[in-house]
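Because the structure is a prediction, the values reported are computed rather than measured.
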Amino acid sequence: MRPLPSLALMATLAACSPAPEEVGLRNTEAPISSNASFDARRFADVWHVAATYGDEARCGPLAETWVLTGAAAYRVTGTACGPRGARAFAAEARVTGPGRITRGDEELWVLWVDADYRVAVVGTPSGRFARVLSRTPRVRPDLMEAARRVLQFNGYDPAGLRAI
């Protein structure tokens, strides 16, 4: 019978092991880019979450209202998906670069907006978050297909995207 390793040895080995990597929604080896021609004024107003990944899709209709409060700042209010369903939220957001908006502790990248600002794709370089926003609750099929292609181009798996 082999002796079992001591708890001290097991703790030492565990401390030397690399921490497990957080699994994200995108391949972080893939390049990602934000929209260099992003217009903060045109982005302001109501956005419906048309499609998203993961648990957020289970909450039903979600929307956000982005109100420009300065040249590069927004007040964002709306509904978000929490552990017990949809809940109201309010946050401050700041444009930090071309197509880059810091809200809370993470920088959201506007990956694409169609020419008329009807549909936008927002994600994060970490791959923790991505969604398709629309000015209306339903997205035209051609614009949704374009949004899926943008997500794929930026390393996201479009197969995991769920319409709300």
Side-chain angles (χ1 to χ4, degrees), residues 24-28 30-164:
L25 302 171
R26 70 176 290 273
N27 172 3
T28 55
I32 186 169
S33 61
S34 61
N35 186 317
S37 62
F38 175 76
D39 183 339
R41 287 176 294 113
R42 291 185 73 194
F43 194 77
D45 208 351
V46 176
W47 288 102
H48 298 270
V49 180
T52 189
Y53 287 88
D55 285 344
E56 191 173 46
R58 72 178 160 70
C59 283
L62 302 172
E64 301 176 348
T65 301
W66 292 68
V67 176
L68 210 51
T69 59
Y74 297 98
R75 174 82 172 151
V76 186
T77 57
T79 52
C81 191
R84 295 188 180 122
R87 61 175 174 74
F89 79 92
E92 301 300 317
R94 182 163 235 18
V95 177
T96 55
R100 298 177 187 188
I101 303 168
T102 298
R103 182 170 83 178
D105 62 351
E106 191 153 33
E107 190 170 55
L108 307 176
W109 286 24
V110 179
L111 306 176
W112 174 74
V113 179
D114 76 300
D116 295 321
Y117 276 69
R118 294 168 294 186
V119 175
V121 177
V122 179
T124 57
S126 69
R128 186 188 68 78
F129 174 91
R131 54 171 51 161
V132 177
L133 301 175
S134 173
R135 296 297 186 181
T136 60
R138 297 280 178 226
V139 179
R140 271 187 9 210
D142 60 322
L143 292 174
M144 182 57 81
E145 180 59 28
R148 286 180 183 283
R149 289 179 186 232
V150 167
L151 285 164
Q152 185 172 27
F153 181 81
N154 284 279
Y156 288 90
D157 179 2
L161 190 65
R162 300 287 174 253
I164 293 185

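Note that CD of Glu92 is 6.0 Å distant from OG1 of Thr69, once rounded to the nearest 0.5 Å. Taking OH of Tyr53 as the start and CG of Leu161 as the end, the distance is 5.0 Å to the nearest 0.5 Å. With rounding to the nearest 0.5 Å, the separation of OH in Tyr156 from OG1 in Thr124 is 4.0 Å. Here CD1 of Ile32 is found 5.0 Å from CG of Leu111. Values are rounded to the nearest 0.5 Å. Note that the CD1 atom of Ile164 and the CD atom of Glu56 stand 5.5 Å from one another [nearest 0.5 Å]. Rounding to the nearest 0.5 angstrom, the gap separating the CG atom in Leu68 from the CZ atom in Arg41 is 8.5 Å.
In plain terms, the two heavy atoms of Ala57 and Thr52 that are nearest each other are N-CG2, 3.6 Å. When all heavy atoms of Ala115 and Arg42 are compared, the closest pair comes out as O-NH2, 3.1 Å. Minimum heavy-atom separation, Val95 to Ala40: CG2-CB, 4.1 Å. Considering all non-hydrogen atoms of both residues, Met144 and Ala50 come closest at CE-CB, 4.3 Å. Minimum interatomic distance between Arg26 and Ala30 (heavy atoms only, all atoms of both residues): NH2-O, 2.6 Å. Nearest heavy-atom pair across Trp109 and Pro125 is CE2-CG, 3.4 Å.
Heavy atoms of other residues, nucleotides or ligands lying less than 6.0 angstrom from CZ of Phe153 number 12 at most. Enclosure of atom CZ in Arg149 is not indicated, since only 12 or fewer non-hydrogen atoms of other residues, nucleotides or ligands lie within 6.0 angstrom.
Classification of the Tyr117-Phe38 ring pair by plane angle, with boundaries at 30° and 60°, yields tilted.
Using modelled atom types, no side-chain atom of Asp157 and backbone atom of Leu25 make a donor-acceptor pair closer than 3.5 Å. Thr28 places no side-chain N or O within donor-acceptor distance of the main-chain N or O of Ser126, the cut-off being under 3.5 Å. When atom types are taken as modelled, the side chain of Arg162 and the backbone of Ala159 share a donor-acceptor pair closer than 3.5 angstrom. Side-chain atoms of Arg118 do not come within 3.5 Å of backbone N or O of Ser134 as any donor-acceptor pair. Asp114 contributes a side-chain N or O that, together with a main-chain N or O of Val119, makes up a donor-acceptor pair within less than 3.5 Å. Checked by atom type and distance alone, the side chain of Arg131 never pairs as donor or acceptor with a backbone atom of Val49 at under 3.5 Å.
Each of Leu143, Val150, Leu151 was compared with Val132 under the side chain to side chain contact (heavy atoms under 4.5 Å, CB included) criterion, and only Leu151 meets it.
A search for salt bridge (Lys or Arg N to Asp or Glu O under 4.0 Å) contacts involving Arg140 returns Asp142, not counting sequence neighbours.
Legend: salt bridge (Lys or Arg N to Asp or Glu O under 4.0 Å) pairs involving residues 93-105, not counting sequence neighbours, sorted by first then second residue: Glu64-Arg103.
Under a cutoff of 6.0 Å and an axis angle of 45°, Arg75 and Trp66 do not form a cation-pi pair.
Between Phe43 and Leu133 there is a side-chain heavy-atom pair separated by less than 4.5 Å.
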